[in-house]
Amino acid sequence: MQYRNITLEKLKTMNRRRRSQLRQDIYREVSDVFADQIEHYDVGITRPFIHRKSGIEFQWIPSGIYAMGLGKEEEKAAKRISNPPPITEEEMRPVTTVKVESFFISVTPVLTRDYCRITNHKSHHNDQLNHPIVVKHGEARSFAESIGCRLPYEREWEYACRGGSKTLFCWGDELLDDAELRQWVSKDFSGLQSLRPNGFGLYSLFSGEWCMDRWKPSYENNEEAAANVFVVRGGGGDLWPWQGDEWGMCISAFRFPSTDLLEHGCAGFRLVYSMIET
C-alpha cells in the first residue's frame, strides 16, 4: 500500500497528473470499501470517495507530522483578536509533535438524513435532515462500528481540521466577516456549494464533534484520563450566530470535555476509516 508513504509535504510537490495517478493507486487498494466518483469537482487534495456501506463521502488524508496544540504564534494571533482570548491555553499545551498515519475521514459530520436512513430511525425534526445529527458518545461509536468505521482520535481530528495550515484557524490568523464565517460554520448541508472547505476538502469542522479519546486536562504525559468523559472538538458553529467570543471554539487546537456539552450531553461526529489499527 504505497499511498501510505505519501506525506502531505510530498503531495504538495505533485502535479495534477501525478495526483490523479495517486488517487487511482489508492482506489485499487480500497475498492472493496469505497466506490469511485468520476463526475465530481476536485475539492482539497483530491476527489472524495463514496463509502460503499453507508453512501457517505470520505476524503483521503495523507500521513504527516505536525505540532498538535496551541503554539506561541497562534496564541499571539488569538490575543490580537481579544486579550485575554476566550480559551484555556493549558488545555492545549504542551505543544506536541505528532505523527499521523494516512486515513479516510467523512467530508462532513454525519448528517441526520444519513443517520436515519442507515439506522431506520425517524427524525422528529424534518427541517434539520441536512444538519449534523447529535447523539451520545456510545451511540456515535456504535453507529461508526456498524458500518466498519470508528470515531477519529483527537490527534487525527486536529490534523484533519488544520488541513495543512499552521495558523490559528484553518482559514488563517484573523476573523472573517460574518458572510464568510457563515460559509465555514454553517450546519446546513443542503448544498456544499454554499460552504467553504479547508485545505483537505472537509466542511463544517465547528459543529462540535466526538473523538475517541477520554478527556485529559492537558497533553502532559502524567495526566490521567477522566472516566466517562470524552474529548469534543470544534463547537463554534453550534453557537452561530455568535453573541461574543464564541470564535475561540473555531481555533484548530481548541478542545473541551464532554461535561461542558449542551444538548443533554450529545454532540455530532465524523467517521474515520483506517487500514491501520491505531
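All values reported here derive from a predicted model rather than from experimental measurement.
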Novice: Does the pair Gln128 and Arg113 meet the rule for a side-chain contact (heavy atoms from CB on, under 4.5 Å), with working shown?
Specialist: CA-CA 8 Å; Gln128 296 182 9; Arg113 68 181 188 228; over 6 Å; no

Novice: When clusters are formed by joining ILVMFWY residues with side-chain heavy atoms under 4.5 Å apart, either directly or through shared neighbours, do Ile61 and Tyr27 land in the same one?
Specialist: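 Yes, same cluster.
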
Novice: Would you say the side chain of Leu192 lies within less than 4.5 Å of the side chain of Thr108, judging by non-hydrogen atoms?
Specialist: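 The answer is yes, as the side chains (C-beta and beyond) meet within the 4.5 Å cut-off.
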
Novice: Decide if atom CG of Asn15 counts as having more than 12 heavy atoms of other residues, nucleotides or ligands within a radius under 6.0 Å.
Specialist: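 Enclosed.
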
Novice: If you look at every heavy atom in Asp238 and Ser207, which pair is closest and at what distance?
Specialist: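 Closest pair (atom of Asp238, atom of Ser207, distance): CB-O, 3.8 Å.
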
Novice: Can you list the steps and then say if Tyr153 with Val272 is a side-chain contact (heavy atoms from CB on, under 4.5 Å)?
Specialist: CA-CA 9 Å; Tyr153 290 95; Val272 162; over 6 Å; no

Novice: Any donor and acceptor pair, going by atom type alone, linking the side chain of Arg117 with main-chain N or O of Ser54 inside 3.5 Å?
Specialist: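 Pair found, side chain donor or acceptor close to backbone of Ser54.
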
Novice: Mind running side-chain contact (heavy atoms from CB on, under 4.5 Å) on Ile81 and Leu168 for me, showing each step along the way?
Specialist: CA-CA 11 Å; Ile81 298 172; Leu168 183 65; 4.0 Å; yes

Novice: So do the side chains of Leu111 and Leu129 get within less than 4.5 Å of each other, counting heavy atoms only?
Specialist: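 With C-beta onward as the side chain, the pair stays apart.
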
Novice: For the backbone of Cys211 and the side chain of His137, can you confirm whether one donor and one acceptor N or O come within less than 3.5 Å of each other?
Specialist: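 Present.
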
Novice: Among the clusters formed by ILVMFWY side chains lying less than 4.5 Å apart, do Val33 and Phe143 turn up in the same one?
Specialist: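 Yes, one cluster joins them.
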
Novice: Tell me, do Phe230 and Leu151 make a side-chain contact under 4.5 Å, heavy atoms counted?
Specialist: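 Not touching, per the 4.5 Å side-chain cut-off.
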
Novice: Any chance you could measure Ser274, atom OG, to Glu156, atom CD, to the nearest 0.5 Å?
Specialist: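 Answer rounded to 0.5 Å: 6.5 Å.
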
Novice: Do you know the tightest heavy-atom contact between Gly234 and Trp157?
Specialist: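 For Gly234 and Trp157, the tightest heavy-atom pair comes out as N-CH2, 3.8 Å.
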
Novice: Sequence neighbours excluded, which residues qualify as side-chain contact (heavy atoms from CB on, under 4.5 Å) partners of Ala35?
Specialist: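 Expected list: Ile50, Arg52.
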
Novice: Please assess Tyr273 against Phe103 for the test ring-ring contact (aromatic ring centres under 6.0 Å, His included), listing each intermediate value before the final yes or no.
Specialist: CA-CA 6 Å; Tyr273 177 82; Phe103 61 98; over 10 Å; no

Novice: Mind checking side chain to side chain donor-acceptor pair (under 3.5 Å) for Arg23 and listing every partner two or more places apart, or none if nothing turns up?
Specialist: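 Arg23 satisfies side chain to side chain donor-acceptor pair (under 3.5 Å) with Asp36, Thr46 once adjacent residues are dropped.
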
Novice: Heavy atoms, side chains only, cut-off 4.5 Å: are Tyr219 and Val95 in contact?
Specialist: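 A side-chain contact is absent here, since even the closest heavy-atom pair is not under 4.5 Å.
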
Novice: Quick one: does Leu271's side chain get under 4.5 Å of Val110's, heavy atoms only?
Specialist: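 Yes; the side chains approach each other to less than 4.5 Å.
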
Novice: Using a cut-off of 6.0 Å, state whether more than 12 heavy atoms not belonging to Gln24 lie near its atom CD.
Specialist: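 Yes, because the 6.0 Å sphere around CD of Gln24 holds more than 12 heavy atoms from other groups.
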
Novice: Kindly give the heavy-atom pair with the smallest separation between Trp60 and Ser102, and that separation in Å.
Specialist: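 Where Trp60 meets Ser102 most closely, the heavy atoms are NE1-CB, 3.7 Å.
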
Novice: State whether the side chain of Ser20 and the backbone N or O of Arg17 hold a donor-acceptor pair below 3.5 Å, judged by distance alone.
Specialist: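 Checked: no pair found.
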
Novice: So do the side chains of Tyr203 and Leu205 get within less than 4.5 Å of each other, counting heavy atoms only?
Specialist: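 Side-chain contact under 4.5 Å: no.
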
Novice: How would you list, by chain and number, every residue that makes a side chain to side chain donor-acceptor pair (under 3.5 Å) with Glu90, sequence neighbours excluded?
Specialist: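 Glu90: no side chain to side chain donor-acceptor pair (under 3.5 Å) contacts found.
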
Novice: Roughly how far, to the nearest 0.5 Å, is CG of Leu261 from SG of Cys266?
Specialist: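 Rounded to the nearest 0.5 Å, the SG-CG separation comes to 8.0 Å.
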
Novice: Check for a donor-acceptor pair, side chain of Glu158 on one end and backbone N or O of Arg155 on the other, with a separation under 3.5 Å.
Specialist: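 A pair under 3.5 Å: no.
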
Novice: Counting only N and O atoms by type, is there a donor-acceptor contact under 3.5 Å from the side chain of Glu139 to the main-chain atoms of Lys136?
Specialist: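 A pair under 3.5 Å: yes.
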
Novice: For residues 199-223, which residue pairs qualify under salt bridge (Lys or Arg N to Asp or Glu O under 4.0 Å), counting only residues two or more places apart or in two chains?
Specialist: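 Those involving residues 199-223 are Glu209-Arg270.
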
Novice: Taking side chain to side chain donor-acceptor pair (under 3.5 Å) as the test, write out the residues that go with Glu73, two or more places apart.
Specialist: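 Partners of Glu73 by the side chain to side chain donor-acceptor pair (under 3.5 Å) criterion, ordered by chain and then number, come out as Lys76.
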
Novice: Give the cluster check for Ile251 versus Trp215: same hydrophobic cluster or not, with ILVMFWY residues linked at side-chain heavy-atom distances below 4.5 Å.
Specialist: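 Ile251 does not cluster with Trp215.
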
Novice: Step by step, would you call Glu154 with Met68 a side-chain contact (heavy atoms from CB on, under 4.5 Å)?
Specialist: CA-CA 9 Å; Glu154 65 170 327; Met68 178 178 175; 3.7 Å; yes

Novice: Please give me the minimum heavy-atom distance between Phe200 and Gly164, naming the atom from each residue.
Specialist: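 Minimum heavy-atom separation between Phe200 and Gly164: CZ-N, 4.1 Å.
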
Novice: Looking at residues at least two apart in the chain, or sitting in another chain, which of them share a ring pair (Phe, Tyr, Trp, His ring centres under 6.0 Å) with His51?
Specialist: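 Counting only residues at least two positions away or on another chain, His51 forms a ring pair (Phe, Tyr, Trp, His ring centres under 6.0 Å) with Phe34, Phe58.
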
Novice: Return the OH to CZ distance between Tyr115 and Phe269, rounded to the nearest 0.5 Å.
Specialist: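 It is 6.0 Å, given to the nearest 0.5 Å.
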
Novice: Check whether any side-chain N or O of Arg141 sits under 3.5 Å from a backbone N or O of Arg150 as a donor-acceptor pair, and report yes or no.
Specialist: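 No, because the side chain of Arg141 does not come within donor-acceptor range (under 3.5 Å) of the backbone of Arg150.
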
Novice: What heavy-atom pair brings Trp184 and Pro197 nearest, and what distance separates the two atoms?
Specialist: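 Distance-wise, the nearest heavy atoms are CH2-O, 3.2 Å.
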
Novice: Looking only at atom types and distance, does a side-chain atom of Asn198 sit under 3.5 Å from a main-chain N or O of Cys161, one as donor and one as acceptor?
Specialist: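 Answer holds: yes.
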
Novice: Could you give the distance from CZ (Arg93) to CG (Leu70), rounded to the nearest 0.5 Å?
Specialist: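 The CG atom of Leu70 is 4.5 Å from CZ of Arg93, to the nearest 0.5 Å.
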
Novice: Looking only at heavy atoms, which two atoms of Ser106 and Leu202 are closest? And how far apart?
Specialist: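 Scanning both residues completely, I find the closest heavy atoms to be O-CD2, 3.9 Å.
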
Novice: Looking at Glu89 and Lys79, is any side-chain nitrogen of the basic one under 4.0 Å from a carboxylate oxygen of the acidic one?
Specialist: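 Salt bridge between Lys79 and Glu89, a charged N being under 4.0 Å from a carboxylate O: no.
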
Novice: Any side-chain heavy-atom pair from Thr7 and Pro62 closer than 4.5 angstrom?
Specialist: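 No; the side chains remain at least 4.5 Å from each other.
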
Novice: So do Ile26 and Phe104 actually touch side chain to side chain, heavy atoms under 4.5 Å?
Specialist: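 In short, these two side chains touch, coming nearer than 4.5 Å.
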
Novice: List the residues meeting ring pair (Phe, Tyr, Trp, His ring centres under 6.0 Å) with Trp240, not counting sequence neighbours, and say none if there are none.
Specialist: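 Once residues adjacent in sequence are excluded, the partners of Trp240 under the ring pair (Phe, Tyr, Trp, His ring centres under 6.0 Å) criterion are Trp242.
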
Novice: Mind checking side chain to side chain donor-acceptor pair (under 3.5 Å) for Glu74 and listing every partner two or more places apart, or none if nothing turns up?
Specialist: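 With neighbours one apart ignored, the set is Arg162.
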
Novice: Is it the case that one hydrophobic cluster holds both Val231 and Ile87, taking links as side-chain heavy atoms less than 4.5 Å apart, direct or via other members?
Specialist: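 Different clusters.
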
Novice: Quick one: pull up CG in Asp173 and OG in Ser165 and give me the separation to the nearest 0.5 Å.
Specialist: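 Rounded to the nearest 0.5 Å, the CG-OG separation comes to 9.0 Å.
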
Novice: Donor-acceptor pairs are to be reported for all side-chain atoms of residues 174-181 against protein atoms at under 3.5 Å, with residues two or more places apart or in another chain.
Specialist:
from	atom 1	to	atom 2	distance (Å)
Asp177	OD1	Ala179	N	3.2
Asp177	OD1	Glu180	N	2.9

Novice: With sequence neighbours left out, what residues match Ser190 under side-chain contact (heavy atoms from CB on, under 4.5 Å)?
Specialist: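 Once residues adjacent in sequence are excluded, the partners of Ser190 under the side-chain contact (heavy atoms from CB on, under 4.5 Å) criterion are Asn130, Asp188.
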
Novice: CD of Glu57 to CZ of Arg47: how many Å apart, nearest 0.5 Å?
Specialist: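 Here the interatomic distance stands at 11.0 Å.
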
Novice: What residues, two or more places apart in sequence or in another chain, satisfy side-chain contact (heavy atoms from CB on, under 4.5 Å) together with Lys99?
Specialist: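 So Lys99 forms a side-chain contact (heavy atoms from CB on, under 4.5 Å) with Ile65, Glu101.
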
Novice: Does the cation-pi check pass for Arg233 over Trp210, that is, NZ or CZ under 6.0 Å from the six-membered ring centre and within 45° of its axis?
Specialist: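 No.
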
Novice: For Tyr66, give me all partners under ring pair (Phe, Tyr, Trp, His ring centres under 6.0 Å), at least two apart in sequence or on another chain.
Specialist: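 Partners of Tyr66 under the ring pair (Phe, Tyr, Trp, His ring centres under 6.0 Å) test: Tyr159.
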
